[in-house]
Amino acid sequence: MSRELAKTYDPKGLEDRLYQKWLEKKYFHAEVDHSRTPFTIVIPPPNITGQLHMGHALDNTMQDILIRFKRMQGYNALWQPGTDHASIATEVKIIETMKAEGIDKHDLGREKFLERAWAWKKEYGGRIVSQLKKLGSSCDWDRERFTMDEGCNRAVTEVFVKMHKKGYIYKGARMINWCPVCNTSISDAEVEYQEQAGHLWHIKYPVMNEDGTPSTTEFLTFATTRPETMLGDTAVAVHPEDERYSHLIGKSVMLPIMNRVIPVVTDTYVDREFGTGVVKITPAHDPNDFEVGKRHNLPVINVMNDDATVNENGGKYCGMDRYAARKAIVEELSQQGLLVKIEDYSHNVGTHDRCKTTVEPLVKEQWFVKMEELIKPAVEAVKNGDVELVPKRLEKIYFNWTDNIRDWCISRQLWWGHRIPAYYCDQCGETVVAAQAPAVCPKCGCAHFTQDPDTLDTWFSSALWPFETLGWPEQTEDLQYFYPTDVLVTGYDIIFFWVIRMIFSGYEQMGEKPFKTVLFHGLVRDSQGRKMSKSLGNGIDPLEIIDKYGADALRLTLITGNAPGNDMRFYYERVENSRNFANKVWNASRFIMMNMEGKEVTEPEVSGLQPVDRWILSKLNTLIKDVTGNMESFELGIAVQKVYDFIWDEFCDWYIEMVKPRLYGTGETEIDRASQNAALWTLRTVLIDALKLLHPYMPFITEEIFCTLQSIGGESSGEESIVISRWPEYTAERSYGKEEKDIEIIKEAVRGIRNVRSEMNVAPSKKTAVVVASDREDILATFREGKLFFASLAGANQVDMLCRKEGGAAREGSLSGEEKELQEAGIAKDSVSVVIPGATLYIPLADLVDIEQEIQRLEKEQKRLEGELTRVNGMLSNERFMAKAPEEKVAQEREKLAKYTQMMEQVSQRLGQLKEGRLETV
RNA sequence: GGAAGCAUAGCUCAGCUGGGAUGAGCGCUCGCCUGACUAGCGGGAGGCCAAGGGUUCGAGCCCCUUUGCUUCCACCA
């Protein structure tokens with residue numbers, strides 16, 4: 001079946017059609033196969049509430065590039081997909097929609113609420129998946145998982161029970177971060193500190209007299225940013241060596257409003273330099289105060305309800321919101337004359353990263369993961385390179401967190417999530433942690449239990465993702481074969497939430513790292529460098545971009561012009577450029593196929609290839625080597641940039657143009673036909689390999705062209721899809737150094753000619769021609785000497801080619817129509833012939849360059865060469881350099897020296913001639 | 001208070017372990033509808049690589065200092 005490409009590139013329809021085909025053919029499906037090496041990536045599971053945003057697009061593009069690359073290289077490539085239940089994010093969303101209907105979560109009840117949640121999951125969980133497909137993600141969808149599916153539930157329970165048994169999970173009353181809006185505890189990682197303008201209230205408490213009455217003259221003054229917490233004060237602290245207060249040690253002060261007598265304690269935690277050197281201690285509402293309280297056995301008085309209103313411990317302020325209470329308390333203190341002053345003060349306030357509410361530090365009973373032991377292998381792994389972070393500098397951030405690790409609060413007062421497998425005896429209160437509710441209480445024999453109402457932090461299950469998705473806790477074949485995974489691709493913003501937790505979980509549960517490399521990317525920002533956010537309304541919807549420009553264009557845009565781990569800005573202009581590139585590829589392919597139509601293209605002997613053919617093949621060969629190398633070291637942007645340059649610049653702008661005359665030839669003679677065949681074969685060969693190199697980045701367009709190409713021009717490679725085609729390999733035989741150099745000289749010459757022509761503003765006339773010498777060496781010498789700079793190339797971009805014999809007589813049968821025309825037009829007699837096998841330039845002798853200009857140019861060149869020679873000579877005559885530089889390098893430099901010396905001679909000679917007024921014409 | 005990153009063409013950014021800045025895209029400018037492509041072709045202008053020191057035969061790249069911007073971490077009331 002021979003198909004034709006549409007006249008213009010239009011990604012619409014095409015992309016969906018091809019993706020459908022890939023799914024049907026099961027190209028993305030991976031099975032255990034011990035004859036092949038696995039390559040595994042697990043997807044960072046997107047939230048079921050999520051809509052595809054630019055961050056996802058970037059993240060998944062990178063993964064897809066890697067997995068497609070490895071698949072083509074012959075690895076058994078598995079990209080394991082799935083979604084995350086995202087407990088708090090989802091629960092908040094559902095509550096919002098319920099609110100719109102006037103329904104309250106607690107009125108509905110847990111069971112009904114969960115029903116709604118599952119319905120939500122069913123409705124929206126698939127949305128993000130279909131969006132990932134739009135992007136071209138080659139995930140093995142047959143293996144799609146969900147963090148709350150049966151297998152993951154089992155994994156979570158298993159881990160919880162196991163770690164509890166080991167003492168790594170415990171329940172305890174500790175200082176936690178409480179979100180009064182979401183009504184749940186949150187972990188340290190979820191607290192975001194924000195600089196906020198506030199006040200520093202200077203307050204004084206009366207010192208107690210010996211007789212038990214508060215003094216009216218002696219006070220202890222201190223400053224606080226949160227006066228309302230005074231309701232829970234249980235001490236006042238000073239530094240033990242602070243002489244200003246040494247006489248008060250052991251005494252007490254009267255807590256106003258509450259009329260409670262509290263002690264003055266000493267603690268080195270107090271900074272003598274700050275404020276008055278006195279701190280009020282509220283163990284229940286400040287992490288530091290909590291620690292101080294523990295050291296001094298102070299009572300912990302919680303004065304706050306879960307919704308951040310004052311509770312019954314707050315006396316008359318009971319029921320008041322924390323901020324209202326603050327105002328009222330300041331007012332009352334002021335009336336009592338205990339308010340010294342109010343200062344403006346800017347300080348960091350902890351907020352909940354999801355709802356931005358100011359978190360309330362509270363002492364509560366929660367479940368925790370003890371981190372001290374667990375974190376050790378995770379630290380060691382990164383230190384010894386077992387797990388590699390790319391870019392490396394992120395290790396610092398990693399270690400900063402691990403070095404200061406604190407126990408992980410994992411219980412959440414939410415309903416949507418994995419319920420904690422802890423059961424409390426209704427009778428004696430005994431706690432049993434087990435996969436299932438026990439039949440009878442081991443302590444009192446009671447048969448009635450109540451399960452802990454709390455659920456687990458959503459990251460608890462995500463931490464198990466790399467192995468739970470492969471079947472753990474079962475010892476499946478998949479697990480043994482695909483684990484540990486190879487690369488994890490993610491943003492640096494979730495290094496604490498996820499990456500670290502996966503690493504220690506992998507070592508703890510599997511005894512093995514979860515992945516070998518973590519490839520980080522940055523944030524996608526808007527064109528002004530701002531974070532894309534809903535509130536700013538500056539988000540760019542990737543789906544809109546895909547709709548307008550195609551997924552290929554979006555992918556290319558996201559992957560180029562950016563170094564690993566750096567943030568990037570998103571510009572529409574860059575997407576347009578990517579789309580234009582796609583169009584370029586499309587049209588070049590169309591051109592090639594047009595010329596191949598109806599012809600049997602056969603592989604020529606190497607000798608049948610012309611120098612330009614060998615040149616582009618050699619260039620391609622180098623490209624294959626470079627691109628493969630870059631991709632293997634995760635330099636994705638650099639790799640594709642090289643492919644881009646090769647296709648657009650070398651292949652389209654040079655090779656195709658150089659080869660056109662051969663294609664347009666009549667094909668009357670054997671020589672012409674052979675030449676044409678060689679050109680066509682080269683065109684097709686280079687195109688196919690270039691498409692393959694491009695495929696991981698632009699899967700759709702490359703597949704479409706690849707498949708069409710298979711049906712045209714005779715022999716096909718037998719590969720049915722580029723998705724599963726073989727990645728091109730570098731072969732030493734296809735490296736043609738000589739041709740590369742020769743063609744570069746010709747290119748340089750042509751550029752020079754165009755340059756001159758443009759500067760002289762020569763009227764375009766594509767029929768003008770000049771030929772300068774008679775054989776290959778001669779013409780190359782001519783180019784090297786720069787003689788061609790004395791003429792300009794008429795015609796536009798084409799570098800036309802003819803073959804001529806020495807003395808200007810055309811080789812039999814090789815005169816093209818154009819050349820005949822030239823002769824007839826009498827142009828040839830004003831020209832000199834050049835033969836470059838495969839290339840002839842037409843240069844009108846009439847267009848001579850200004851000699852002064854040429855002298856200037858040469859002088860500049862001379863100066864440049866002088867500089868070069870100094871540099872190279874400096875290196876080669878340097879003992880230290882010669883001692884430690886690799887041989888290859890030295891050889892390279894020697895070569896340069898020879899080249900520059902030769903060039904220098906020529907330039908000097910030429911310059912001398914010009915200055916003497918010789919050689920104005922060729 | 002710690003730590004990291006950035007500072008290269010008008011704009012946004014690449015430049016891998018130190019060895020010629022023919023850097024990329026966009027923009028600007030001049031000329032072209034050349035038988036694939038105006039989503040195109042050809043030419044051009046535009047950079048003392050933030051400042052100052054140092055190491056080196058040689059520094060955009062390594063070291064130190066300074067300035068400006070960004071980000072992360074941290075319990076200073």
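Numbered from 1 within each chain, the chains take letters A, B, ... in sequence-line order.
Residue-level contact check: A:Tyr572 touches neither bases nor backbone, having no heavy atom under 4.0 Å from any strand. Residue A:Trp201 is out of contact with every strand shown, counting any heavy-atom pair closer than 4.0 Å. Residue contacts for A:Phe222: at a heavy-atom cut-off of 4.0 Å it reaches no nucleic acid atom on any strand shown. A:Tyr492 comes within 4.0 angstrom of no nucleic acid atom, judged by non-hydrogen atoms across all strands. Nucleic acid contact for A:Phe274: base, since at least one base atom lies under 4.0 Å from a heavy atom of the residue. Using a 4.0 Å heavy-atom cutoff across all strands shown, A:Asn577 reaches sugar-phosphate atoms only and no base atom.
Contact annotation: A:Asn580 reaches the phosphate of B:G40 (side-chain N/O to OP1 or OP2, under 4.0 Å). The side chain of A:Asn348 places no N or O atom within less than 4.0 Å of a non-bridging phosphate oxygen (OP1 or OP2) of B:C73. Not one side-chain nitrogen or oxygen of A:Lys396 sits closer than 4.0 Å to the OP1 or OP2 atom of B:A3. Within the structure, every side-chain polar atom (N or O) of A:Trp586 is placed at least 4.0 Å from both OP1 and OP2 of B:G40. Contact annotation: A:Tyr193 side-chain N/O to B:C72 OP1/OP2 distance is not under 4.0 Å. The shortest distance between the side-chain N/O atoms of A:Asn400 and the OP1/OP2 oxygens of B:C73 is not below 4.0 Å. The phosphate of B:A77 (OP1 or OP2) has no side-chain N or O of A:Arg226 nearer than 4.0 angstrom.
Computed from coordinates, the A:Arg579 CZ to B:C37 P distance equals 16 Å when rounded to whole Å. Separating the CH2 atom of A:Trp654 from the C1' atom of B:U22 is a distance of 12 Å, rounded to the nearest angstrom. Between the P atom of B:G40 and the CD atom of A:Glu576 lies a distance of 10 Å, rounded to the nearest Å. Nucleotide B:C13 holds its P atom 14 Å from the CZ atom of A:Phe570, rounded to whole Å. Atom CG in A:Leu220 sits about 18 Å away from atom P in B:A77, given to the nearest Å.
In this structure, the side chain of A:Asp289 does not engage the main chain of A:Ala284 through any donor-acceptor pair within 3.5 Å. Proximity of a side-chain donor or acceptor of A:Tyr205 to a complementary backbone N or O of A:Leu220 within less than 3.5 Å is not detected. Without hydrogens or angle criteria, A:Ser589 side chain to A:Ile705 main chain gives no donor-acceptor distance under 3.5 Å. A donor-acceptor pair is defined here as one N or O able to donate and one able to accept, closer than 3.5 Å; such a pair exists between the side chain of A:Arg555 and the backbone of A:Tyr697.
Counting only heavy atoms from C-beta on, A:Arg569 has its side chain closest to B:C13 among B:C75, B:A36, B:C13. Side-chain atoms of A:Lys584 lie closest to B:C41 of the nucleotides B:C41, B:C75, B:C26.
Judged by distance alone, the side chains of A:His239 and A:Asp267 never bring a donor and an acceptor atom under 3.5 Å apart.
Using C1' as the reference atom, B:A14 and B:C57 are 29 Å apart when rounded to the nearest Å.
Using a 4.0 Å cut-off between a side-chain N of Lys or Arg and a carboxylate O of Asp or Glu, A:Asp242 and A:Arg272 do not qualify as a salt bridge.
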